Amino acid sequence: MPLVERAQQLTPESLLRVSIVVATLTIGLKALAWWVTGSVGLLSDAMESIVNLASAAFALLMVRIAARPADKDHPYGHHKAEYFSSGFEGMLIIVAAIGIIWAAVRRMLDPQEIHDVGLGISLSVLSSALNGGLAWLMFQSARAHRSIALEGDARHLLTDVWTSAGVVLGVGLVAFTGWHWLDPAVAIAVALNILREGTHLMWRSSQGLMDCALEQDVLDEIRKTLAQFEHSTIRFDHLSSRRSGKRRFVDLHMHMPASWTLGRAAAVRASVEQALMSAVPGLRATIQLLPSDVEAHFDDHEDPI
């Protein structure tokens, strides 16, 4: 079995458990790298790993909640819980970025020599390899399971890899040139980059909580499926959609001759719903039946009720 398919079979919950273990290991490695070198850049890298640990733990909790079945109080399920995880992770990334900038500015005002650069860089590279491999696995599984919580954690880990790469470059340049101001300067540049990533995660989370429409490629697949049923006696309109975690919802009207029996109309509707749910995994379709000569109006400025 190809490696990608194996990665896609891993569940979000299992990968988040691994993420907690990896985050704990990388905190130890990066803290040791900072302790032996005294580099503020490596300190900022270790601070972000602490955020990774908190984010992974919260994401695991939200994934468990999202997996709960629908109940009386939540008839549409708990899938939106994953958006809270993504938003929380984005917020933590922003907090970490601010902390890194604060530490870097202090070091820039008071530059200090760094030590044992080779050992510090080696420890940082090892932790980056762990994070990079785990991020790749998470991205594959997130696509297969449509988990925004897992995707958010994967993006955070990938950001951590880039952070470490920038820090290693900065520490190496300091050792090569003797320009101690490069260490905090690189830390600030890395902080600005992860600040951008944190803002992006919070934006995506907010869009999910506000019932953002389905992706354009998914809508195209829905319209393609509906086209298979359209002819002179059947037409579709007023299509609307929304996302809720890994679940997808679509509502539309299906017009047909008023002379059709209810049984015949319901049978056609059932065929359309089945075709839609087969074409788009995780889709829940709701179709309202209307006679061909009846139009529903949703554009009135005033509610008639």
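Owing to the predicted nature of the structure, the values given are computational and were not obtained by experimental measurement.
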Between [atom1] on residue [X] and [atom2] on residue [Y], distance to nearest 0.5 Å:
X: E221; Y: L214; atom1: CD; atom2: CG; value: 12.0 Å
X: Q140; Y: L15; atom1: CD; atom2: CG; value: 10.5 Å
X: L150; Y: R143; atom1: CG; atom2: CZ; value: 11.0 Å
X: M108; Y: H180; atom1: CE; atom2: NE2; value: 13.5 Å
X: L25; Y: S127; atom1: CG; atom2: OG; value: 10.0 Å
X: I50; Y: L53; atom1: CD1; atom2: CG; value: 8.5 Å

Taking atom types as modelled, is there a side-chain donor on [X] or [Y] under 3.5 Å from an acceptor on the other?
X: S14; Y: T11; value: yes
X: S240; Y: H238; value: no
X: S19; Y: D153; value: yes
X: S164; Y: S128; value: yes

_As a quick check of understanding, evaluate salt bridge (charged side-chain N to carboxylate O under 4.0 Å, His left out) for R235 and D237, giving each step before the final call._
CA-CA 7 Å; R235 63 184 174 87; D237 60 17; 3.3 Å; yes

*asked:* Does anything in residues 157-178 form a salt bridge (charged side-chain N to carboxylate O under 4.0 Å, His left out)? List the pairs, not counting sequence neighbours.
replied: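 Applying salt bridge (charged side-chain N to carboxylate O under 4.0 Å, His left out) to every pair that reaches into residues 157-178, excluding sequence neighbours, yields K30-D160.
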
Show the nearest heavy-atom pair for residues [X] and [Y], with the distance to one decimal.
X: I65; Y: H78; value: O-CB, 3.2 Å
X: P12; Y: V63; value: CB-CG1, 4.2 Å
X: S271; Y: F229; value: O-CZ, 3.8 Å
X: G120; Y: A33; value: O-CB, 3.6 Å
X: S241; Y: L219; value: OG-CD2, 3.5 Å

_So M254 and R269, do their side chains get closer than 4.5 Å, heavy atoms only?_
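Contact flag for R269/M254 side chains = yes.
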
*Report yes if the side chains of W35 and L42 come closer than 4.5 Å at any heavy-atom pair, otherwise no.*
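Sidechains of L42 and W35: no contact.
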
*Is the NZ or CZ atom of R242 both under 6.0 Å from the centre of the six-membered ring of F249 and within 45° of that ring's axis?*
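Output yes; distance and angle both within limits.
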
*When you measure from the side chain of T225 to the backbone N and O of L276, does any donor-acceptor pair fall under 3.5 Å?*
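Looks like no, no N/O pair under 3.5 Å.
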
*Whether D71 side chain and H74 backbone form a donor-acceptor pair below 3.5 Å*: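 Yes: the side chain of D71 pairs with the backbone of H74.
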
*Which word best sums up how the rings of H253 and H255 line up, parallel for under 30°, tilted for 30 to 60°, or perpendicular for over 60°?*
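Plane angle over 60°, so perpendicular.
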
*Cluster link I98 to V95, ILVMFWY, side chain under 4.5 Å*: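 No, I98 and V95 fall in different hydrophobic clusters.
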
